[in-house]
2 protein chains.
Amino acid sequence: MVSFEGFAISGSLPIYTQLILYIKRGIVAGTVCGGDELPSRRVLSALLGVNPNTVQKAYHLLEEEGIIESRSGARSFVTADGELKLRLRAELLEQDAAAWISAMKQMGLTREEALRMTEVMWDKTGGEA
Amino acid sequence: MVSFEGFAISGSLPIYTQLILYIKRGIVAGTVCGGDELPSRRVLSALLGVNPNTVQKAYHLLEEEGIIESRSGARSFVTADGELKLRLRAELLEQDAAAWISAMKQMGLTREEALRMTEVMWDKTGGEA
DNA sequence: TTAAGTGTATTATATCCGTAATACAGTTTC
DNA sequence: GAAACTGTATTACGGATATAATACACTTAA
């Protein structure tokens with residue numbers, strides 16, 4: 001069962017987008033694997049304090065991308081092979097890095113200043129190693 | 001006069017938010033300075049192919065933050081002293097770094113992998129040194 | 001002084017996001 | 001088989017975003 005313990009709504013992105021990102025990044029990290037069952041729309045919406053339609057939209061879009069599968073009446077589950085995992089990793093890393101580097105360049109930082117910034121902030125923030 | 005040559009609408013953020021970010025990052029970079037005149041609402045909206053109300057919203061919010069000033073009838077201009085520049089630099093850098101590092105940790109990257117990612121992508125993208 | 005440009009405000013419309021309340025058919029489980 | 005749960009769909013409402021069309025008073029420049 002895919003866990004949503006580490007998930008929290010934050011920022012200005014639409015909630016369904018945040019849910020999609022959480023699943024995709026979990027697949028890249030290996031914490032979400034092919035065959036894993038997903039919480040039902042109703043259960044997850046109640047857990048997060050969010051409308052069922054919002055979860056439905058996220059699941060529906062994930063299914064259109066071939067990342068999860070739904071059979072009417074039964075619980076949905078993840079369909080993630082190694083190829084998809086690699087595709088997602090490349091997509092998300094490039095996307096995030098491009099946004100970060102673009103912002104740094106717009107503010108006039110040099111490459112070394114950006115690297116030092118990453119080093120300093122990495123340990124200040126919680127999460128992982 | 002503040003130039004919007006390097007500005008382009010992109011991504012999912014509201015247009016008025018992108019305009020605000022462009023001004024703020026320009027101030028941090030030093031390309032936008034106190035006393036600089038801003039394009040009028042009508043001129044800038046025509047230049048960007050955007051509704052005048054969208055530019056008005058961005059300018060209005062910037063004025064509420066004390067970053068620009070408007071006199072009814074005359075052109076608006078930037079009011080940015082050194083203190084504001086430092087405040088903006090700290091705010092924006094921390095905000096962007098936090099988003100970037102959080103994404104990397106969610107995908108299970110180590111600190112060194114994130115640093116290497118920055119190094120590799122820095123030269124691949126256009127902009128500055 | 002007159003004309004042009006400017007900031008500001010209003011009303012209307014359309015789309016997206018999120019919530020709310022249902023409804024129905026399919027599956028799982030007892 | 002029956003109850004509970006599931007995916008799916010619909011309608012309605014409010015807020016935010018963006019567009020469109022005006023309108024008015026103020027400043028600037030010719």
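In this text the structure is predicted, and so the values were computed from the model without any measurement. Labels below follow one simple rule: chain letters A, B, ... track the order of the sequence lines, proteins then strands, and each chain is numbered from 1.
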Exercise. When all nucleic acid strands are considered with a 4.0 Å heavy-atom cut-off, which category describes A:Tyr59: base, sugar-phosphate, or nothing?
Worked result: nothing
Could you tell me how far apart [X] ([atom1]) and [N] ([atom2]) are, to the nearest whole angstrom?
| X | N | atom1 | atom2 | answer |
| --- | --- | --- | --- | --- |
| B:Gln56 | D:dC24 | CD | P | 18 Å |
| B:Asn51 | C:dG7 | CG | C1' | 15 Å |
| B:Leu62 | C:dG7 | CG | P | 13 Å |
| B:Leu13 | C:dC17 | CG | C1' | 15 Å |
| A:Leu19 | C:dC17 | CG | P | 13 Å |
| A:Leu61 | C:dC16 | CG | C1' | 13 Å |
| A:Glu69 | C:dG26 | CD | P | 19 Å |
| A:Leu38 | D:dT6 | CG | P | 12 Å |

Would you mind telling me which of [options] lies closest to the side-chain atoms of [X]?
| X | options | result |
| --- | --- | --- |
| A:Arg71 | C:dT28, C:dG26, D:dA20 | C:dT28 |
| B:Pro14 | C:dT19, D:dT17, D:dT8 | D:dT17 |
| B:Val43 | C:dT19, C:dT28, C:dT6 | C:dT6 |
| B:Asn53 | D:dA9, D:dC24, D:dA21 | D:dA21 |

Exercise. Backbone N or O of A:Arg42 within a donor-acceptor pair of the A:Ser45 side chain at under 3.5 Å?
Worked result: yes
Taking only side-chain nitrogens and oxygens of [X], does any of them come within less than 4.0 Å of OP1 or OP2 of [N]?
| X | N | result |
| --- | --- | --- |
| A:Ser76 | D:dG7 | yes |
| B:Arg41 | C:dT8 | yes |
| B:Ser40 | C:dT6 | yes |
| B:Lys57 | D:dT17 | yes |
| A:Tyr16 | C:dG18 | no |

For this session: Name the residue closer to the 5' end of DNA chain C, choosing between A:Gly73 and B:Glu63 according to the nucleotide with the nearest heavy atom.
Result: B:Glu63
Any carboxylate oxygen within less than 4.0 angstrom of a Lys/Arg side-chain nitrogen, looking at [X] and [Y]?
| X | Y | answer |
| --- | --- | --- |
| B:Asp96 | B:Arg25 | yes |
| A:Arg75 | A:Glu69 | no |
| B:Glu94 | B:Arg89 | no |
| B:Arg116 | B:Glu112 | no |

Problem set entry | Most 5' of B:Gly49 and B:Arg42 on DNA chain D, judged by nearest nucleotide | B:Gly49
